[in-house]
There are 2 protein chains.
Amino acid sequence: MSKNLINWLENVLLQGIIITLKAMTSFTEENYLKIIYMLTELNGGNEVSTNELAEHTQTKAASVSDMLRKLAEKNLINYRKYQGVTLTKEGQYIALGVIRKHRLWEVFLVEKLGFGWDEIHDIAEQLEHIDSKELTEKLDKFLGNPQFDPHGDPIPDAKGKMPSMTSCKLSEVPIDQTVVMVGVLVHSPAFLQHLDKNQITLGSTIKIQEISEFDKSYIVLLNNSQSVFISNEVAKNLLVK
Amino acid sequence: MSKNLINWLENVLLQGIIITLKAMTSFTEENYLKIIYMLTELNGGNEVSTNELAEHTQTKAASVSDMLRKLAEKNLINYRKYQGVTLTKEGQYIALGVIRKHRLWEVFLVEKLGFGWDEIHDIAEQLEHIDSKELTEKLDKFLGNPQFDPHGDPIPDAKGKMPSMTSCKLSEVPIDQTVVMVGVLVHSPAFLQHLDKNQITLGSTIKIQEISEFDKSYIVLLNNSQSVFISNEVAKNLLVK
DNA sequence: ATTAATTTTTAGGTTTGTCTAAAAATTTGA
DNA sequence: TCAAATTTTTAGACAAACCTAAAAATTAAT
Ligand SMILES: [Mn+2]
Ligand SMILES: [Mn+2]
Ligand SMILES: [Mn+2]
Ligand SMILES: [Mn+2]
């Protein structure tokens with residue numbers, strides 16, 4: 001509270017007039033906003049609950065409540081006690097900025113440094129909080145303005161606009177149809193390594209040859225060359241187009 | 001204290017035996033260690049005082065005292081009350097790791113992203129704390145294992161060994177001798193931009209043509225082509241070989 | 001060699017982000 | 001519908017990293 005006042009006074013004194021009221025979000029606040037964004041998406045636009053947030057932030061519900069009060073005070077979320085939260089325009093903008101940085105860095109780690117797509121998430125979790133507009137834009141350019149990250153996730157542009165991607169789960173595709181692998185719904189190293197082992201990568205063509213009645217497992221033709229076995233669990237987490 | 005205990009117990013429980021006692025230095029601790037390293041260098045190996053540290057950490061002496069007690073407890077510094085501090089081997093190793101990352105990222109920002117050498121320090125101050133051994137080593141390789149950063153500062157290797165560099169200030173070079181610009185002693189954007197304006201860059205050859213009796217200012221021949229004026233203040237902050 | 005000035009440490013507080021335990025609100029379901 | 005189960009919030013604490021003010025130690029000057 002007094003820290004805010006000091007910031008405010010500094011603005012007044014340094015600029016004569018208050019020009020902008022920069023949000024100044026901390027590392028922690030950024031993480032909350034990013035997670036709220038992602039869980040809202042996942043919920044199809046519905047409010048995110050305190051408990052959901054506690055799980056994903058690796059904290060307790062009480063801690064989340066504290067943070068929500070604070071984010072609401074900064075007008076970054078819409079918060080009615082006991083009713084869950086959604087992001088305000090401002091909160092969404094910050095969240096998308098963090099997601100943009102996360103995904104751009106992931107592209108860098110894979111395309112430039114040669115990391116595997118299963119090794120990059122934790123590093124990107126750190127890099128996404130580096131605060132420099134110029135850095136983000138120069139990195140974007142250096143990478144050739146990529147639209148999607150190594151997992152096929154869309155990268156928002158500098159204004160927060162997501163490139164559109166029409167895709168569906170492999171498990172929803174009819175038999176005999178040929179599709180292209182464009183993304184994953186799970187990012188765990190175990191899942192990604194499993195795909196590696198089966199040589200399923202972004203861009204692979206997949207044609208469903210057979211679906212087992214018994215366990216809904218698949219036999220698919222990969223890249224028009226080899227037949228591979230895919231469990232239903234995998235098929236439900238592969239995005240294709 | 002109880003946090004340390006918990007970490008210790010986790011080690012015991014997860015590993016059966018305590019294998020390593022990882023230091024787990026925070027962002028803030030890393031900054032203290034880095035600054036202690038640099039000020040010790042500057043002091044020719046002598047102890048660094050509390051007040052010196054307060055200046056460079058942008059905090060107050062009281063805060064520094066607190067932190068020194070803490071760092072001493074972790075065996076990262078040699079600290080006798082009222083007598084200043086030096087780094088222990090362990091502290092030095094961490095400091096050199098942070099400096100390594102800082103300088104590698106600076107190379108990246110200039111060589112790959114096209115930043116000017118006057119624009120990179122603040123961004124590198126953030127990037128230097130990204131915690132991933134693999135990232136640092138892959139970045140190093142990607143950059144071609146550079147020995148020096150964009151300011152001519154030596155980059156320690158993964159073991160903390162600095163490449164040796166024999167250089168001296170331009171102000172100590174005798175008249176008529178031709179030398180090569182290899183570094184700067186001041187990193188302020190103002191100074192670096194001043195050098196840019198005079199087209200003095202790393203690798204420029206400099207031959208001292210004249211030194212003014214009155215103000216010790218220089219007229220030097222730059223790259224065997226143009227004569228430029230250099231103040232004594234500048235000459236004292238240019239490293240040449 | 002004392003006293004005065006300076007430096008450093010300690011004492012006591014604040015803020016941020018976390019925690020546990022307990023209270024309050026909401027949801028479930030008999 | 002109303003009691004039980006669940007979720008969420010509040011209350012009260014704690015650790016990290018900072019602060020100001022005051023005490024203690026060191027250094028400098030008469
Ligand atoms: Mn990721
Ligand atoms: Mn990703
Ligand atoms: Mn720097
Ligand atoms: Mn540098």
Side-chain angles (χ1 to χ4, degrees), chain A residues 1-10 23-36 39 43 46-74 76-86 125-126 129 131, chain B residues 1-10 23-36 39 43 46-74 76-86 125-126 129 131:
Chain A
M1 198 51 111
S2 74
K3 209 63 164 286
N4 276 339
L5 187 64
I6 285 163
N7 269 326
W8 183 78
L9 280 169
E10 270 178 3
M24 251 316 282
T25 42
S26 72
F27 184 101
T28 310
E29 290 169 336
E30 283 189 356
N31 274 334
Y32 271 90
L33 294 174
K34 182 187 60 164
I35 294 169
I36 293 170
L39 292 178
N43 285 356
N46 284 323
E47 285 78 13
V48 180
S49 75
T50 301
N51 266 355
E52 271 182 288
L53 284 170
E55 272 176 49
H56 286 81
T57 52
Q58 321 257 58
T59 62
K60 297 297 155 73
S63 309
V64 172
S65 272
D66 277 353
M67 182 56 86
L68 294 183
R69 194 185 27 65
K70 192 171 138 198
L71 291 173
E73 223 154 70
K74 291 190 174 192
L76 299 175
I77 60 174
N78 305 116
Y79 176 43
R80 282 159 35 239
K81 277 182 191 170
Y82 296 97
Q83 307 303 304
V85 294
T86 57
E125 283 294 307
Q126 299 180 62
H129 301 288
D131 179 29
Chain B
M1 199 51 116
S2 75
K3 209 63 165 284
N4 276 339
L5 186 64
I6 285 163
N7 269 324
W8 182 79
L9 280 170
E10 270 178 2
M24 251 315 283
T25 43
S26 70
F27 185 101
T28 311
E29 289 169 337
E30 282 188 358
N31 275 334
Y32 271 91
L33 295 174
K34 183 187 60 165
I35 293 168
I36 293 168
L39 292 177
N43 286 357
N46 283 322
E47 285 79 12
V48 180
S49 74
T50 300
N51 266 353
E52 270 181 289
L53 284 170
E55 271 176 50
H56 286 82
T57 52
Q58 320 259 58
T59 61
K60 297 297 155 72
S63 309
V64 172
S65 273
D66 276 354
M67 182 55 87
L68 294 184
R69 193 185 28 66
K70 191 171 138 196
L71 291 173
E73 225 153 68
K74 291 190 174 191
L76 300 174
I77 59 173
N78 306 116
Y79 175 43
R80 284 163 28 244
K81 278 181 191 175
Y82 296 98
Q83 307 302 302
V85 294
T86 57
E125 283 294 308
Q126 299 180 62
H129 301 289
D131 178 30

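The chains referred to below are lettered A, B, ... by the order of the sequence lines, with proteins before strands, and numbering in each begins at 1.
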Rounded distance in Å - CE (A:Met67) to P (D:dT9): 14 Å

Length of the CZ-C1' vector between B:Arg80 and D:dA24, whole Å: 17 Å

Interatomic distance, B:Phe27 atom CZ to B:His129 atom NE2 [nearest 0.5 angstrom]: 4.0 Å

Phosphate-side-chain proximity, B:Asn51 and C:dT6, N/O vs OP1/OP2 below 4.0 Å: no

Touch class at under 4.0 angstrom, heavy-atom based, for A:Ser63 against every strand present: base

Residue met sooner reading DNA chain C from 5', once B:Val64 and A:Thr59 are mapped to nucleotides: B:Val64

D:dT9 OP1/OP2 closer than 4.0 Å to side-chain N/O of A:Ser65: yes

Spacing of A:Glu47 atom CD relative to C:dT26 atom P, expressed in whole Å: 14 Å

Phosphate contact (D:dA16 OP1 or OP2) by B:Tyr32 side-chain N/O below 4.0 Å: no

Out of C:dT9, D:dT8, C:dC19, whichever nucleotide has its closest atom nearest the side chain of A:Thr50: D:dT8

Presence of A:Ser26 side-chain N/O under 4.0 Å of C:dT16 phosphate oxygens OP1/OP2: no

Atom of A:Tyr32, atom of A:Leu71 and distance for their closest heavy-atom approach: CB-CD1, 3.9 Å

A:Tyr79 side chain near D:dT9 phosphate (N/O to OP1/OP2, under 4.0 Å): yes

Spacing of B:Thr57 atom OG1 and B:Glu52 atom CD [to the nearest 0.5 Å]: 11.0 Å

Short side-chain N/O contact from B:Lys81 to OP1 or OP2 of D:dA24, under 4.0 Å: no

Heavy-atom closest pair, residues A:Ala72 and A:Ile77: N-CG1, 3.6 Å

OP1 or OP2 of C:dT18 under 4.0 Å from side-chain N/O of A:Lys60: no

B:Gln83 CD to D:dA24 C1', straight-line distance once rounded to whole Å: 14 Å

Value in whole Å for how far the C1' atom of D:dA16 lies from CZ of B:Arg69: 11 Å

Integer-rounded Å distance: C:dT8 P and B:Leu53 CG: 9 Å

Exercise: identify the closest heavy-atom pair between A:Val48 and A:Ile36: CG2-O, 3.8 Å

Shortest side-chain distance from A:Tyr82, nucleotide among D:dT20, C:dC19, C:dT26: C:dT26

Value in whole Å for how far the P atom of D:dT8 lies from CG of A:Leu68: 10 Å

Spacing between B:Met24 atom CE and D:dA16 atom P, to the nearest angstrom: 11 Å

